[in-house]
Amino acid sequence: MKDKKIFAEDIVADVRKDYERRREDRKPLELQWQLNMNFVSGNQYMQIMPTGEVEEFGKQYFWQEREVYNHIASVLETRMSKLVRVNTGVTVRPFSNDETDIQSAKLSTALISAVAEQNDLPSLINDAVAWSEVTGSCFFKVTWDKDLGEKIGTDKEKNPVRVGEARITVVPPFEIFPDNVCAGSLDECSSLIHAKAYPVSEIEERWGVKVEGEEVNVFTLDNASVAGGLGYNASVGNVIASKVDGYAIVIERYTRPTKDKPDGELVITAGDKLLYYGGLPYVTDVQGRKGFPFAQTSCIKKVGSFFGASVVERMIPLQRSYNAVKNRKHEYLNRISMGILAVEDGSVDMDNLEEEGLSPGKVLIYRQGSNIPRFIETGSVPADFTYEEERLLSEFVTVSGVSELSKYSQTYGNMSGKAISLLVNQDDTRMSLSTTSLRLCIKRVFRMLLYLYKQFATQKRLKRISGENGEPELTYFTGNDLQCEDLVFDTQDDVGETITERRNMVVELIRMGVLTEADGTMSPRTKIKVLEMLGIGNWESAKDVGETQRKRAMRENLSLGKESLAACPYDDHDVHVEEHIKCLLEDSVLKNKKLYEAMDAHIKEHQMFALAGAAESQTFAEQNKND
């Protein structure tokens, strides 16, 4: 028992030491992220000090103009609005043309769509895009939560036991510590630390270990009166580091599998307590290997750095210069409007003049024999201010990749539609690195989801999924029914495609006859997909009878061989025979004698129903003819 206690203390000390070392290595990046967050929120009079802190610098003179003209925020809003429109849908591609593989791929595709909806993935993507655009990187964490899903019983303490479901969470870069900040990606890291502050009560509830609270550094929002001008102050948002009590940092250190530890290693500590020690719990890597449950998206890939770069970093010098030009310009206007008064020493009451100034109708009394106070000529605002202001605005476009067309919906003079289209394509091209990173990240998340269900769904479970026509379906499956490897994107990157453009494209395809059959008609399945693409809805209540018959036949294909099925008199026997014969001709069925015989007998039963129905119809027709 003593040796076990000493081992736990050594593990906790090692993890804590490793965490502090990684935290120190990452500190320069963390200061830059904090500076970026302040500039986005409007506190743009901050700088990174040599002491390793982000601090604000004050006014040099009381009359100095220090307003903030935040172009960074508007650029980020435009970029984020484009990124959240990226099509992240994926489809699982079957291994072969075998009917079992096709159905497995369809089930896998429907499952990841259902789990994504269950976790509100669009909202998570919004959060991840915001973190990625401001700091340069963001992470998704995919885990298995045994407390989610359908209730299947109770334990000894009468607590509910559930089947479990996958959970997707967004992890800011402040919580991720790689073993090497110069690693190119997650795949190049041998270990990774996820450190997050939890209330001590939640730690005790989740892990069953009581931990002493400690002072934890967190970022909070505050108002800072660092802006303003002559005679007034303005408050802006300030992102500052502060300490909170009653929390403890939970450190999760993930280590990849090695020859000595084929399952890898996961150590979870909080304070001086060991919460968990064992192998990696989740199969998340390709080919069913255990790995990190994380996926990374980056704003801009940074060579030689684990974390990405943010476009905010590039715009900070421009934003500082723009603020300086606008404020110096307004200071010049203040001099022109208020004037600079030259007064001979002792000629007037200086206290009264400084307090009240030269108000309209004021009677100015000056000493007899002295010079009359006069205004010094200040001239007009130099044109250089305007030129520099316009040049800086154009540099914002160059650095950020967001033009006035995307930002303000403004064009340059009388532009043709083709020229506007070229500008839109240029904006989309500049953002392709960010959109590609996001799509690949979500693809990795979906693959990890399938691996988790394949790992934990060992018993048959019921799941509500969306069918081919959009109607909800309840289906039973196990992890063995899923495919996890071959995921492909539904469409190409459509960040610049609007709803109107998509609808026009669908209408044009219909006009060209691409979506119609040889006889000029459109199949019911195609009609529903067209309505869905046009935004009218999938009309899940308007089920097509033929489609329902086809799906029933496909379910029978999967069940035959496992159980005996009888043909139903209400089946559309022609549709069933067609689907069953297509399945019968597959190599896997032809090589399985028992399955082949069961399928053959079932097909013949449908054919007998069809012949009996045809004979009955013919007899009925002859009787009507005689009558």
Side-chain angles (χ1 to χ4, degrees), residues 32 34-50 53-78 222-239 310-343 353-360 373-404 407-408 410 412:
Q32 182 64 55
Q34 186 179 348
L35 184 66
N36 294 352
M37 293 167 68
N38 274 285
F39 265 77
V40 173
S41 65
N43 188 11
Q44 298 179 352
Y45 294 98
M46 304 287 285
Q47 60 184 347
I48 300 176
M49 305 298 291
E53 299 293 335
V54 177
E55 297 180 0
E56 64 184 55
F57 51 90
K59 287 185 177 183
Q60 294 175 309
Y61 307 98
F62 74 93
W63 47 263
Q64 187 176 1
E65 289 281 341
R66 293 220 328 167
E67 278 292 359
V68 174
Y69 304 91
N70 198 347
H71 281 269
I72 290 180
S74 59
V75 168
L76 249 62
E77 289 167 3
T78 304
D222 193 11
N223 285 332
S225 298
V226 297
L230 181 58
Y232 71 97
N233 290 322
S235 296
V236 295
N238 187 18
V239 181
S310 169
V311 71
V312 177
E313 298 175 29
R314 303 177 178 180
M315 291 190 290
I316 284 177
L318 295 177
Q319 184 66 65
R320 282 177 173 153
S321 299
Y322 187 80
N323 288 340
V325 169
K326 292 285 286 186
N327 285 316
R328 299 300 82 77
K329 187 176 181 180
H330 288 166
E331 289 168 3
Y332 215 107
L333 290 171
N334 285 342
R335 291 188 180 94
I336 295 174
S337 60
M338 300 176 66
I340 300 176
L341 194 63
V343 181
L353 188 62
E354 288 179 353
E355 182 178 349
E356 298 183 4
L358 292 177
S359 59
R374 62 183 180 83
F375 283 103
I376 297 177
E377 183 64 34
T378 57
S380 58
V381 178
D384 292 338
F385 282 107
T386 303
Y387 295 152
E388 180 67 9
E389 184 180 340
E390 293 175 353
R391 188 184 66 81
L392 288 171
L393 287 176
S394 64
E395 285 195 27
F396 269 110
V397 175
T398 303
V399 171
S400 67
V402 177
S403 67
E404 281 84 354
K407 190 175 176 183
Y408 310 116
Q410 292 181 351
Y412 305 97

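Given the structure is predicted, the values throughout are model-derived calculations rather than measurements.
Remark: side-chain polar atoms of Arg320 are not paired, donor with acceptor, to backbone N or O of Gln44 under 3.5 angstrom. Of the possible polar contacts, none joining the Glu65 side chain to the Glu331 backbone as a donor-acceptor pair under 3.5 Å is found.
One distance of note links CZ of Arg391 with OG1 of Thr398; it measures 10.5 Å at 0.5 Å rounding. Taking CG from Asn334 and CG from Asn327, the interatomic distance works out to 10.0 Å, rounded to the nearest 0.5 Å. To the nearest 0.5 angstrom, Glu395 atom CD is 13.5 Å from Arg314 atom CZ. Rounding to the nearest 0.5 Å places NE2 of His330 at 4.0 Å from OH of Tyr69.
For OH of Tyr387, the number of neighbouring non-hydrogen atoms (other residues, nucleotides, ligands) closer than 6.0 Å is 12 at most. The number of heavy-atom neighbours closer than 6.0 Å to CZ of Arg328, taken from other residues, nucleotides and ligands shown, is above 12.
A cation-pi arrangement is absent between Lys329 and Phe385 under the rule of less than 6.0 angstrom and at most 45 degrees off the ring axis.
Taking all atoms of both residues into account, the shortest heavy-atom contact from Val40 to Ala73 is O-CB, 3.9 Å. When all heavy atoms of Glu313 and Asn36 are compared, the closest pair comes out as CG-ND2, 3.5 Å. Tyr45 and Glu67 get closest at one heavy-atom pair: OH-O, 2.8 Å.
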Test side chain to side chain contact (heavy atoms under 4.5 Å, CB included) on Asn70 and Gln319 and set out the steps. CA-CA 7 Å; Asn70 198 347; Gln319 184 66 65; 4.2 Å; yes
Walk me through it: do Met315 and Leu76 pass the test side chain to side chain contact (heavy atoms under 4.5 Å, CB included)? CA-CA 11 Å; Met315 291 190 290; Leu76 249 62; 4.1 Å; yes
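Contact check for Val312 versus Ile316: side-chain heavy atoms found under the 4.5 Å cut-off.
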